[in-house]
K.L.:
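Sharing a structure here in structure tokens format.
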Amino acid sequence: MSKNLPTRKEDYSKWYNELVDRADLAEHSDVRGCMIIKPYGFAIWENMKDVLDAKFKETGHSNAYFPLFIPKSFLSKEANHVDGFAKECAVVTHYRLKNAEDGSGIIVDPDAKLEEELIVRPTSETIIWNSYKNWIQSYRDLPILINQWANVVRWEMRTRLFLRTTEFLWQEGHTAHATKAEAIVEAEKMLDVYTEFVEDYMAMPVIRGYKSESERFAGAEETYCIEAMMQDTKALQAGTSHFLGQNFAKAFDVKFADKEGKLEHVWATSWGVSTRLMGALIMTHSDDEGLVLPPKLAPIHVVIIPIYKSDEEFAAVSAKANELVAKFKALGIRVKFDDDDNRRPGWKFAEYEMKGVPVRLAIGPRDLAEGNVELVRRDTKEKSVVTLEGVETRVRTLLDEIQANLLKKAKDFREANIHKVDTYAAFKERLEKEGGFYLVHWDGTKETEEKIKEETKATIRCIPLDAPHEEGVCMVTGKPSSRRVIIAKAY
RNA sequence: CGGGGUGUAGCGUAGCCCGGUAUCGCGCCUGCUUUGGGAGCAGGAGGUCGUCAGUUCGAAUCUGGCCACCCCGACCA
């Protein structure tokens with residue numbers, strides 16, 4: 001194993017793959033396209049999950065759990081939905097194995113064929129709406145605000161750890177409402193929740209918008225999304241929130257009696273974020289030395305590394321380090337004192353840089369004598385010597401500073417790579433040369449969108465929610481347009 | 001699923017063209033010396049050469065099938 005990562009500049013995707021491996025986040029399993037999330041990677045995901053879960057509960061949602069398997073017939077009830085997912089479903093056809101008669105091993109027992117095949121959920125709208133049908137009779141039963149944390153399976157052609165795996169972890173919210181307006185408010189509210197989480201915790205700036213018709217979720221009337229820019233200037237869809245209209249209510253015949261006793265179809269939303277956010281987190285902040293984690297999600301905030309020669313020195317340094325550990329813990333700072341004698345300090349320095357621990361302290365005899373400690377921040381790699389006294393409050397402040405700095409850095413990078421262009425020729429040339437996001441006028445048609453995609457591989461990422469009204473003409477067809485959309489190459 | 005590439009110890013590799021029982025580095029184990037940016041020396045363990053079949057006296061090496069992974073397309077959160 002070489003000591004250094006490939007740099008982002010020389011091979012971005014190799015950099016990403018090796019970083020995921022070397023930072024001990026995840027690895028490939030023996031099953032094609034599936035990943036093993038390792039303890040350190042899972043700890044980051046758990047931190048994300050905890051924050052999101054609390055936010056869902058604050059906004060009135062409850063968790064529940066629906067089955068992994070969906071009867072095949074359910075999936076075909078909503079026409080767009082089946083079109084969108086049919087090509088990537090794993091199907092369970094049998095329920096038993098047996099030993100082959102020729103002794104060649106274990107085989108699927110042909111006698112154990114299921115009457116109706118089961119689909120491994122690619123998303124749970126259908127099985128959930130099949131239940132909602134039984135739960136909803138009256139306007140008094142509404143709204144239903146449910147979230148579930150689950151794994152789903154989508155049989156993708158090409159996979160990459162965290163960004164696109166065959167099986168992935170996510171949360172999916174599924175809500176039912178009495179009115180269209182209320183459902184739209186819900187979908188927008190959850191987009192806000194995602195935005196707050198991603199910006200405040202992941203330190204990742206996003207553009208909020210809605211999808212063009214062809215990029216919309218299969219079965220949705222409107223798909224809201226947050227789009228982030230990675231360090232290679234490609235776009236990554238970080239989360240979506242869908243206004244489903246009455247599509248699923250009609251497909252599953254879910255009606256409620258309103259106050260006048262009139263039967264109406266229920267209005268729906270669904271919204272989700274996945275372990276893909278891990279990929280986004282990695283690609284937003286990390287550098288050629290390894291992972292860089294925003295303090296709010298880092299499993300370890302501060303690592304303390306002892307430096308010593310003799311047992312006496314180790315004892316003295318340890319005593320001081322343990323005092324610090326207690327002080328950090330009292331301030332709610334997640335701290336690790338790495339007193340492993342099998343690794344030398346230099347090795348540890350490199351290791352914790354690879355793992356993205358925001359702050360590192362080194363204490364040796366020299367520091368003890370002077371009442372100091374060496375402090376290094378991961379984001380800027382700035383090294384300083386500070387007094388031991390009160391170092392815990394200094395670190396507390398520094399963690400907030402790092403969190404803010406990461407967001408600012410990412411934001412500055414994004415701003416530097418968003419361009420306004422007005423002609424198709426200029427768009428193609430700049431996209432090819434410098435990548436980035438492009439704010440352009442588009443005539444709103446599928447045909448133009450398709451043409452751009454075919455010719456440049458860039459797609460309409462979103463129609464920004466805060467886009468100002470601006471008269472212009474479509475850069476491709478010259479037809480009128482009243483606002484700019486974001487176009488970019490995407491993951 | 002189409003095009004290209006790769007599979008040799010836990011990881012990274014040499015050997016393959018030209019067939020003769022596998023090289024080196026990292027890691028691992030033991031011991032001593034070390035410890036302020038990935039330690040040094042000495043000794044040691046670890047391999048059905050992705051897999052199945054074929055050719056051959058003999059296959060990591062030649063031929064074919066299959067599998068997996070990586071890159072580029074199509075698909076997608």
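As the structure is a computational prediction, the values presented were derived from the model and not from experiment. These numbers come from the heavy atoms of this one structure, side chains and all, not from hydrogens, waters or symmetry mates.
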K.L.:
Can you check the distance between B:rG7 and B:rC49, where both ends of the measurement are the C1' atom (answer in whole Å)?
P.N.:
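Rounded to whole Å, the distance is 10 Å.
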K.L.:
Just call it for A:Thr166: base, sugar-phosphate, or nothing, with non-hydrogen atoms closer than 4.0 Å on any strand.
P.N.:
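No contact.
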K.L.:
Just checking A:Leu236: base, sugar-phosphate only, or nothing, at a heavy-atom cut-off of under 4.0 Å?
P.N.:
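It contacts nothing in the nucleic acid.
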K.L.:
Show me the side-chain donor-acceptor pairs of residues 285-299 of chain A shorter than 3.5 Å, one per line, residues at least two apart or across chains.
P.N.:
unit_1	atom_1	unit_2	atom_2	d
A:His285	NE2	A:Met202	O	2.7
A:His285	NE2	A:Ala203	O	3.3
A:Ser286	OG	A:Ile282	O	2.9
A:Ser286	OG	A:Val292	N	3.2
A:Asp287	OD1	A:Glu289	N	2.8
A:Asp287	OD1	A:Gly290	N	3.2
A:Asp287	OD1	A:Arg378	NH2	2.8
A:Asp287	OD2	A:Arg378	NH1	2.9
A:Asp287	OD2	A:Lys381	NZ	3.3
A:Asp288	OD1	A:Arg8	N	3.0
A:Asp288	OD1	A:Arg8	NE	2.8
A:Glu289	OE1	A:Lys381	NZ	3.2

K.L.:
Can you tell me, in whole Å, how much space there is between the C1' of B:rG12 and that of B:rC69?
P.N.:
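After rounding to an integer number of Å, I get 15 Å for this pair.
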K.L.:
With the threshold set at 4.0 Å, does a side-chain nitrogen-carboxylate oxygen contact exist between A:Lys433 and A:Glu429?
P.N.:
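Looking at A:Lys433 and A:Glu429, the cut-off is met.
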K.L.:
Starting at atom CD of A:Glu156, determine the distance to atom P of B:rC75, rounded to an integer number of angstrom.
P.N.:
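About 12 Å, once rounded to whole Å.
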K.L.:
Nucleotides 67-70 of chain B: which of its N/O atoms have a protein N/O under 3.5 Å away?
P.N.:
unit_1	atom_1	unit_2	atom_2	d
B:rA68	OP2	A:Arg32	NH1	3.4
B:rC69	OP1	A:Gly33	N	3.3
B:rC70	OP1	A:His28	NE2	3.1

K.L.:
Expressed as a whole number of Å, how far does the P atom of B:rA14 sit from that of B:rG50?
P.N.:
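After rounding to an integer number of Å, I get 13 Å for this pair.
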K.L.:
Going by atom types alone, do A:Tyr12 and A:Lys234 pair a side-chain donor with an acceptor below 3.5 Å?
P.N.:
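No, A:Lys234 and A:Tyr12 have no side-chain donor paired with an acceptor closer than 3.5 Å.
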K.L.:
Hey, what's the ring geometry for A:Phe248 with A:Phe252, parallel, tilted or perpendicular (30° and 60° as the breaks)?
P.N.:
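The rings of A:Phe248 and A:Phe252 lie parallel, inter-plane angle below 30°.
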K.L.:
Is it the case that atom CD in A:Glu389 sees more than 12 heavy atoms from other parts of the structure closer than 6.0 Å?
P.N.:
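No, the 6.0 Å shell around CD holds no more than 12 heavy atoms from other groups.
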K.L.:
Measure from NZ on A:Lys14 to P on B:rC11 and round the result to the nearest Å.
P.N.:
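Distance check: A:Lys14 NZ to B:rC11 P gives 17 Å.
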K.L.:
Determine the contact category for A:Lys87: base if any of its heavy atoms lies under 4.0 Å from a base atom, sugar-phosphate if only primed atoms, P, OP1 or OP2 are that close, otherwise nothing.
P.N.:
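Nothing, no nucleic acid heavy atom in range.
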K.L.:
I'd like the C1' distance from B:rA39 over to B:rU34, given in whole Å.
P.N.:
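After rounding to an integer number of Å, I get 7 Å for this pair.
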K.L.:
Expressed as a whole number of Å, how far does the P atom of B:rA22 sit from that of B:rG3?
P.N.:
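Between the two P atoms, the distance is 38 Å.
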K.L.:
Should the ring pair A:His242 and A:Phe217 be called parallel, tilted or perpendicular, given that the plane angle runs from 0 to 90° and is split at 30 and 60?
P.N.:
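It falls in the parallel class, under 30°.
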K.L.:
Name the pairs: protein N/O against N/O of nucleotides 28-37 of chain B, kept only if under 3.5 Å.
P.N.:
unit_1	atom_1	unit_2	atom_2	d
B:rU35	O2'	A:Tyr308	O	3.0
B:rG36	OP1	A:Arg344	NH2	3.1
B:rG36	O6	A:Pro365	N	3.4
B:rG36	O6	A:Arg366	N	2.8
B:rG36	O6	A:Asp367	N	3.3
B:rG36	O6	A:Asp367	OD2	3.3
B:rG36	N1	A:Asp367	OD2	2.3
B:rG36	N2	A:Asp367	OD2	3.1
B:rG37	N7	A:Lys383	NZ	3.0
B:rG37	O6	A:Arg360	NH2	2.4
B:rG37	N1	A:Glu353	OE2	2.7
B:rG37	N2	A:Glu353	OE1	2.7
B:rG37	N2	A:Glu353	OE2	3.4

K.L.:
Run the numbers on A:Ser318 and A:Phe337 for side chain to side chain contact (heavy atoms under 4.5 Å, CB included), then give the verdict.
P.N.:
CA-CA 9 Å; A:Ser318 282; A:Phe337 171 40; 3.6 Å; yes
K.L.:
Take atom OH of A:Tyr491 and atom C1' of B:rC75, then tell me their distance rounded to the nearest Å.
P.N.:
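In whole Å, B:rC75 C1' lies 17 Å from A:Tyr491 OH.
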K.L.:
If you measure from the C1' atom in B:rA60 to the same atom in B:rC52, how many Å do you get, rounded?
P.N.:
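After rounding to an integer number of Å, I get 16 Å for this pair.
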K.L.:
Quick check on A:Lys327: does its NZ atom have over 12 non-hydrogen neighbours (other residues, nucleotides or ligands) under 6.0 Å away?
P.N.:
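Check passes, neighbour count above 12.
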K.L.:
Quick check with a 6.0 Å cut-off and a 45 degree axis cone: is A:Lys355 positioned over the face of A:Tyr40's six-membered ring?
P.N.:
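Yes, A:Lys355 and A:Tyr40 form such a contact.
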K.L.:
Rounding to an integer number of angstrom, what distance separates B:rG4 and B:rA9 when you compare their C1' atoms?
P.N.:
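These two C1' atoms come out 29 Å apart once rounded.
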K.L.:
Verify whether one side chain among A:Asn63 and A:Asn147 offers a donor that lies under 3.5 Å from an acceptor in the other.
P.N.:
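Note: A:Asn63 and A:Asn147 side chains meet the donor-acceptor criterion.
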K.L.:
Please work out which of the three classes, parallel, tilted or perpendicular, describes the rings of A:Tyr224 and A:Tyr210, given edges at 30° and 60°.
P.N.:
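Perpendicular.
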K.L.:
Nearest-Å distance, OH (A:Tyr16) to P (B:rC71)?
P.N.:
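Computing the A:Tyr16:OH to B:rC71:P distance gives 11 Å.
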K.L.:
Determine the sole option in A:Lys57, A:Lys55, A:Lys49 for which the salt bridge (Lys or Arg N to Asp or Glu O under 4.0 Å) test with A:Asp53 is passed.
P.N.:
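Exactly one pass, corresponding to A:Lys57.
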K.L.:
Under a cut-off of 3.5 Å for both distances of each Watson-Crick or G-U pair, what dot-bracket string does RNA chain B give, using [ ] for crossing pairs and | for inter-strand pairs?
P.N.:
((((((((.[[[..)....(...]]].((((((.....)))))).....[[[[[..)....]]]]])))))))....
K.L.:
Name every residue in residues 183-206 of chain A that has at least one heavy atom under 4.0 Å from any atom of RNA chain B, in order of residue number, or write none if there are no such residues.
P.N.:
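Result for residues 183-206 of chain A: none.
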K.L.:
Which value, in whole Å, describes the distance between the C1' atoms of nucleotides B:rA74 and B:rC1?
P.N.:
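About 8 Å, rounded to a whole number of Å.
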K.L.:
Extract all donor-acceptor atom pairs below 3.5 Å that involve side chains of residues 270-279 of chain A and protein atoms in other chains or at least two apart in sequence.
P.N.:
unit_1	atom_1	unit_2	atom_2	d
A:Ser270	OG	A:Glu125	OE2	2.7
A:Trp271	NE1	A:Glu186	OE2	3.4
A:Trp271	NE1	A:Thr269	OG1	3.2
A:Ser274	OG	A:Arg276	N	3.0
A:Thr275	OG1	A:Leu169	N	3.4
A:Thr275	OG1	A:Leu169	O	3.3
A:Arg276	NE	A:Leu163	O	3.0
A:Arg276	NH1	A:Gln237	O	3.3
A:Arg276	NH2	A:Tyr491	O	3.3

K.L.:
Of the non-hydrogen atoms in A:Arg343 and A:Lys348, which two are nearest, and what is the gap between them?
P.N.:
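Answer, listing the atom of A:Arg343 first, then A:Lys348: O-CE, 3.4 Å.
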K.L.:
To the nearest Å, how far apart are A:Lys489 NZ and B:rC72 P?
P.N.:
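To the nearest whole Å, that distance equals 11 Å.
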K.L.:
Could you verify whether a donor N or O on one side chain and an acceptor N or O on the other, from A:Arg121 and A:Thr123, lie under 3.5 Å apart?
P.N.:
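Looking only at side-chain atoms, A:Thr123 and A:Arg121 do not form any donor-acceptor pair under 3.5 Å.
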K.L.:
Report the distance from atom CG of A:Leu163 to atom P of B:rC71, rounded to the nearest whole Å.
P.N.:
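Value for this atom pair: 11 Å.
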